[in-house]
Amino acid sequence: VQLQASGGGSVQAGGSLRLSCAASGSSSGPDGIGWFRQAPGNERERVACFNTGNGRTYYSDSVKGRFTLSSDNAKNTVYLQMNNLKPEDTAVYYCAADRTIATMLRYHTGLYDMDYWGKGTQVTVSS
């Protein structure tokens with residue numbers, strides 16, 4: 001599976017951005033697709049992810065209510081709409097996919113890595 005991420009940029013606090021993650025190269029598709037981010041000096045964290053099997057979405061507490069995942073199955077693309085951005089959202093954002101959503105949800109334990117990673121895209125939010 002190849003993941004192509006795009007849509008990063010610089011905005012002021014309160015602004016919005018939309019990230020896109022286009023997936024290709026797999027006929028069966030991964031079970032989980034999501035977005036992670038890594039700020040300087042911090043560990044990479046999961047922001048939001050999507051169970052491709054049942055459509056359920058999961059969000060970290062820090063972005064709940066501000067970020068929204070959506071998908072366009074015809075384009076094999078997942079979007080992350082980010083509203084009301086805050087300076088603490090500044091990070092490199094990565095699209096990732098995994099064969100099992102359970103692994104993606106356990107990423108924070110440090111015991112698992114994702115099967116596939118896209119290149120990061122920088123999001124900078126100024127105050």
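In what follows, every heavy atom counts, from backbone to side chain, and hydrogens, waters and symmetry copies are set aside.
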Rounded distance (nearest 0.5 Å) linking atom [atom1] of [X] with atom [atom2] of [Y]:
X	Y	atom1	atom2	answer
I33	Y116	CD1	OH	11.0 Å
E45	Q38	CD	CD	9.5 Å
T124	L85	OG1	CG	10.5 Å
C95	Q2	SG	CD	12.0 Å

Cluster link [X] to [Y], ILVMFWY, side chain under 4.5 Å:
X	Y	result
V123	V11	yes
F36	Y58	yes
V78	V47	yes
W35	Y107	no
I101	F50	no

**Request:** Check the pair R44, W117 against side chain to side chain contact (heavy atoms under 4.5 Å, CB included), reporting the backbone distance first and the verdict last.
**Result:** CA-CA 12 Å; R44 193 172 297 186; W117 289 99; 3.4 Å; yes
Side-chain contact, heavy-atom cut-off 4.5 Å: [X] with [Y]?
X	Y	value
S16	Q81	yes
L80	T68	no
Y94	T121	no
Q122	T90	yes

**Prompt:** More than 12 heavy atoms of other residues, nucleotides or ligands under 6.0 Å from CZ of R99: is that the case?
**Reply:** no
**Request:** Flag yes if more than 12 heavy atoms outside Q12 fall under 6.0 Å of its CD atom; otherwise flag no.
**Result:** no
**Message:** Between L111 and R106, is the side chain to side chain contact (heavy atoms under 4.5 Å, CB included) condition met? List the steps.
**Reply:** CA-CA 8 Å; L111 300 176; R106 295 188 177 100; over 6 Å; no
Non-hydrogen atoms of [X] and [Y] that approach each other most closely:
X	Y	result
R37	A91	CB-CB, 3.8 Å
M114	T103	CE-O, 3.7 Å
S127	A13	CA-CB, 4.3 Å
C49	L105	SG-CD2, 3.6 Å

**Item:** Donor + acceptor pair across side chains of S6, Q4 (<3.5 Å)
**Value:** no
**Y59 side chain vs L69 backbone, donor-acceptor pair below 3.5 Å** = yes
**Asked** Between R46 (side chain) and H108 (backbone), is there a donor-acceptor pair under 3.5 Å?
**Response** no
**Message:** Would D115 and V1 count as a side chain to side chain contact (heavy atoms under 4.5 Å, CB included) here? Give the steps.
**Reply:** CA-CA 9 Å; D115 291 328; V1 174; over 6 Å; no
**Message:** Pair D31, N51 - check side chain to side chain contact (heavy atoms under 4.5 Å, CB included), show working.
**Reply:** CA-CA 6 Å; D31 197 30; N51 184 331; 3.5 Å; yes
**Asked** Do the ring planes of F67 and Y93 sit parallel (below 30°), tilted (30 to 60°) or perpendicular (above 60°)?
**Response** tilted
**Request:** Could you tell me whether D89 and K86 have a side-chain N and a carboxylate O separated by less than 4.0 Å?
**Result:** no
